[in-house]
Amino acid sequence: MKVCISSTGKDLESEVDPQFGRCGYFVIVDLDTGSVTSLKNPGPEASGGSGIRAAEAIVNSKADILLTGSVGPNSFSILSEVGVEVRVGVKGTVADALKQYEAGDLCIIDSPNSSAHNGMKNS
Amino acid sequence: MKVAIASGKGGTGKTTVAVNLALSLGGVHLLDCDVEEPNCNLFLGLELEKLEYVTCQVPEIDPEKCTLCGKCADFCRYNALAALPSRVLVFPALCHGCGGCGLVCTEGAVREKPGILGILESARSDSSLEFSRGVLNVGEAAATPLIRALQRHIDNSRPAIIDSPPGVACPVLAVIGAADYCVLVTESTPFGFHDFRLALEAVKALKVPFGVVLNRDGLGDSRVEEFCGAKGIPILLRIPDDRRIAQLYSEGIPFVEEMPEWKEKFAGMFSAIRAIMESGEGTE
């Protein structure tokens, strides 16, 4: 089972980034082996459709679960198409987000919880 | 003669200038090319009818032929395609209709079908003012094709006053580039001045003659005035920072209707533009 967390950096000590499409990195933790890898988010480089690029990268990383803050409609349609579980409400570091997940504090969303282009406002 | 009303910054008074200028002159064709937020008719209240729907060719993937190679999605700069392990998803609202995905597909799996970008509308022929506008569908990214389609409806038998979108991106360049003269509306504030200079770069690059309308004159400082003075840029009109004008605006009333002395000022500005055009000056 691979869990992917939207983050500002590459490791467990990095702060999470609640903006899915325009976060800097995805930290991918394999819960079975304990391995931690990271993936640079291709989203921020896109002038538009960053969520689409980011979601595509998640799908190709074979992650099963995404922990983040907000996901827009375009990204959500991709993640739900391939059955990536999306959980929101991350806070603190990547390690904190994993603890929140394990404690059952992050809720699954079954529809986008943000509008398209929302990440543009803060970038 | 086609006169574009532009500005770098949003909310500086493009629509105010365009609407009041058109009403002051009469006998002109007013076009609202700010297709993402066409506001002119808020002040005009004209009854509009459909001219045409504007479409853009968007891709449709044939799952029988698609090998999921992902070349189409890699190629798309606008991220309108996502290559997933099971299929390629298309996001028509992000598509700019360039057709590149079809060219890079070696399997012939990309077909094109028309997607509706938005609608062009015009005031009924018995209206007091000849007015046309484009309305981009919500969520649609490509404003420029809609603007170009609207420009094909410009009535060349009379002067055209064209309200431009804000900013200096492609849609604005499409409007200014097709104009004979550009009025840059600005205000003398730090933001206004910053974006005015961006707009100035655009009009210079497009080699369109231009002049300035200083809106909310009296607000802020004198930086725009000093800059224009030093560069020899004509200030065509000053609209004061007047509560009455602001109040009329808030009520959706073009201020020349209630303050008719301004009709002469707008008409005077238009005559000045004509004179500049005839003398061949106005570009730096």
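All values below were derived from every heavy atom in this structure, side-chain atoms included, with hydrogens, water molecules and symmetry-related copies excluded. Chain A is the first sequence line, chain B the second, and so forth, proteins listed ahead of strands; every chain is numbered from 1.
F210(B) and Y181(B) have their aromatic ring centers separated by at least 6.0 angstrom.
Taking 4.5 Å as the heavy-atom cut-off, none of the residues of residues 7-16 of chain B approach chain A. Contacts from residues 74-84 of chain B to chain A, taken as heavy-atom pairs separated by less than 4.5 Å, involve C76(B), Y78(B), N79(B), L81(B), A82(B), A83(B), L84(B) in sequence order.
The nearest pair of heavy atoms linking P59(B) to V90(B) is O-CG1, 3.5 Å. Shown here for E56(A) and A73(B), the closest heavy-atom pair between the two residues is OE2-CB, 3.6 Å. Shortest non-hydrogen contact noted between L117(B) and L146(B) is CD1-N, 4.4 Å.
Highest contact tally toward chain B, considering only V82(A), V59(A), N60(A), N74(A), is held by N74(A) [criterion: heavy-atom pairs under 4.5 Å].
The aromatic rings of F20(A) and F26(A) sit tilted, their planes meeting at an angle between 30° and 60°.
Taking 4.0 Å as the cut-off between side-chain N and carboxylate O, R53(A) and E45(A) do not count as a salt-bridged pair.
Within a 6.0 Å sphere centred on CD of E64(B), other residues, nucleotides and ligands contribute 12 heavy atoms or fewer.
Expressed to the nearest 0.5 Å, how far OG of S7(A) lies from CG of L39(A) amounts to 11.5 Å.
The closest side-chain heavy-atom distance from D34(B) to E37(B) is below 4.5 Å.
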Exercise for review: Step by step, work out the side-chain contact (heavy atoms from CB on, under 4.5 Å) result for I5(A) and T68(A).
Suggested key: CA-CA 6 Å; I5(A) 301 104; T68(A) 187; over 6 Å; no
